[in-house]
Student: 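Okay, handing you the structure first.
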Amino acid sequence: CSSDLLITDYKAHHAYRDKKYNEATSLYVTNLEKNPYDSVLNYNVGTSLYKEGHYDQAKHYFDRALKHAYNDEDKEQVAFNLGNTFVKLKEYQQGIDSYDKVLELNPDNESAKKNKEIAQKLLEEEKRKKDQEQNKDKQNNKKDDKQKSDEKNDKQDKDGQDNQQNKKDQNEQNSSNKEQNKQQDE
């Protein structure tokens, strides 16, 4: 049984090396079904899925690998890849948190420092864009409110003018009727 695991793992590593990530994922998952808490297998599935661009799924396996990691060195590597995955998903704050975990384990990890800086800049840029969009929406809402107000005022002015014209027409009609009545009385 363990020889089957080794053969499958060997095939998975070769598929990964040959950039056949879909095949590698399938083979790693086969072994993972037999040993779901194996940190290395979860990590390997995560890296294959990451290479395929399936970041949401990769995140799940990296989380599991981190929970079951054997030592700080493994935790450091998993947390680093988890940070990269979060950044790919544009979940910048979670990426920063993952890089912080890496730096807790190894303060000298230059790649984690660099990637954390990038994630921080991306987060700041995202916040800036969101603020600009909100300001733009507020300005558009003000314009819309002003336009509605102007349209309402125009309608009121027109209604007022129509009412005046109706009164004038009615007065003229009444005057005309009085004239006719006067002429008939004479």
Side-chain angles (χ1 to χ4, degrees), residues 1-138 140-141:
C1 197
S2 72
S3 66
D4 288 343
L5 287 173
L6 288 173
I7 291 170
T8 305
D9 199 47
Y10 176 80
K11 289 178 180 177
H13 284 306
H14 278 276
Y16 185 89
R17 185 194 66 202
D18 295 339
K19 299 181 180 179
K20 297 177 182 175
Y21 303 118
N22 192 22
E23 181 182 336
T25 299
S26 295
L27 291 166
Y28 286 133
V29 167
T30 299
N31 278 354
L32 195 58
E33 289 170 357
K34 297 169 189 159
N35 194 0
Y37 302 109
D38 186 291
S39 175
V40 174
L41 285 174
N42 277 289
Y43 175 79
N44 289 342
V45 173
T47 56
S48 293
L49 289 167
Y50 181 93
K51 292 287 190 175
E52 289 182 83
H54 301 296
Y55 305 117
D56 272 329
Q57 292 172 303
K59 178 175 68 169
H60 167 74
Y61 287 97
F62 286 142
D63 276 335
R64 285 177 59 181
L66 192 57
K67 287 178 188 167
H68 303 291
Y70 302 117
N71 56 51
D72 285 350
E73 190 176 307
D74 289 348
K75 288 179 186 177
E76 178 184 346
Q77 186 61 46
V78 174
F80 182 81
N81 283 3
L82 187 57
N84 292 344
T85 303
F86 281 125
V87 171
K88 286 286 191 181
L89 291 167
K90 297 183 181 190
E91 298 174 11
Y92 303 121
Q93 186 57 58
Q94 292 91 329
I96 292 166
D97 295 343
S98 291
Y99 296 131
D100 282 340
K101 175 78 173 165
V102 172
L103 294 169
E104 274 177 35
L105 296 165
N106 179 3
D108 298 326
N109 187 318
E110 292 301 319
S111 295
K113 289 177 187 177
K114 180 181 141 207
N115 286 9
K116 180 182 174 183
E117 285 178 25
I118 292 168
Q120 287 171 324
K121 288 177 184 173
L122 290 169
L123 180 62
E124 289 169 14
E125 178 69 17
E126 182 180 67
K127 285 180 181 178
R128 189 183 60 74
K129 283 182 180 177
K130 193 178 278 187
D131 288 345
Q132 283 178 341
E133 286 175 17
Q134 287 176 347
N135 287 337
K136 195 175 194 179
D137 286 346
K138 285 179 185 177
N140 286 340
N141 286 342

Student: Tell me, please, which residues at least two apart from E110 pass salt bridge (Lys or Arg N to Asp or Glu O under 4.0 Å).
Tutor: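 So E110 forms a salt bridge (Lys or Arg N to Asp or Glu O under 4.0 Å) with K113.
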
Student: Show me, pair by pair, the donor-acceptor contacts under 3.5 angstrom made by side chains of residues 10-19, not counting sequence neighbours?
Tutor:
{"from": "Y10", "atom 1": "OH", "to": "H14", "atom 2": "NE2", "distance (Å)": "2.9"}
{"from": "H13", "atom 1": "ND1", "to": "Y28", "atom 2": "OH", "distance (Å)": "2.9"}
{"from": "H13", "atom 1": "NE2", "to": "D9", "atom 2": "OD2", "distance (Å)": "3.2"}
{"from": "H14", "atom 1": "ND1", "to": "R17", "atom 2": "NH1", "distance (Å)": "3.0"}
{"from": "H14", "atom 1": "ND1", "to": "R17", "atom 2": "NH2", "distance (Å)": "2.9"}

Student: According to the side-chain hydrogen bond (donor to acceptor under 3.5 Å, both in side chains) rule, which pairs have a member within residues 116-125, sequence neighbours left out?
Tutor: D100-K116, E125-R128

Student: Holding to side chain to side chain donor-acceptor pair (under 3.5 Å), I want the full list of residues that pass it with Y61, two or more places apart in sequence or in another chain.
Tutor: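 In terms of side chain to side chain donor-acceptor pair (under 3.5 Å), with neighbours along the sequence ignored, Y61 is linked to no residue.
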
Student: For K127, check side chain to side chain contact (heavy atoms under 4.5 Å, CB included) against everything at least two apart and list the hits.
Tutor: L123

Student: What pairs with Q134 under side chain to side chain contact (heavy atoms under 4.5 Å, CB included), at least two apart in sequence or on another chain?
Tutor: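 Partners of Q134 under the side chain to side chain contact (heavy atoms under 4.5 Å, CB included) test: K130, D131.
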
Student: Tell me every residue that passes side chain to side chain donor-acceptor pair (under 3.5 Å) with N115, counting only those two or more places apart in sequence or in another chain.
Tutor: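 N115 satisfies side chain to side chain donor-acceptor pair (under 3.5 Å) with N84 only.
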
Student: If you define the side chain from C-beta out and look only at heavy atoms, does anything of F80 sit under 4.5 Å from N106?
Tutor: no

Student: What pairs with Y43 under ring pair (Phe, Tyr, Trp, His ring centres under 6.0 Å), at least two apart in sequence or on another chain?
Tutor: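 With neighbours one apart ignored, the set is F62.
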
Student: Keeping to residues at least two apart or across chains, list the side-chain hydrogen bond (donor to acceptor under 3.5 Å, both in side chains) pairs with something in residues 44-56.
Tutor: T25-E52

Student: For residues 67-78, pull every pair meeting salt bridge (Lys or Arg N to Asp or Glu O under 4.0 Å), keeping only residues two or more places apart or in separate chains.
Tutor: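 For residues 67-78: none.
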
Student: E23: which residues meet the side chain to side chain donor-acceptor pair (under 3.5 Å) condition with it, sequence neighbours left out?
Tutor: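 So E23 forms no side chain to side chain donor-acceptor pair (under 3.5 Å) with any residue.
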
Student: Please report the shortest heavy-atom distance between A119 and I96, naming the atom on each side.
Tutor: CB-CG1, 3.7 Å

Student: What closest approach, in Å, do N42 and P36 show between heavy atoms, and which atom pair accounts for it?
Tutor: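 Here N42 and P36 meet closest at ND2-O, 3.0 Å.
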
Student: State, to 0.1 Å, how close V87 and G95 come at their nearest heavy-atom pair, and which atoms those are.
Tutor: CG2-CA, 4.5 Å

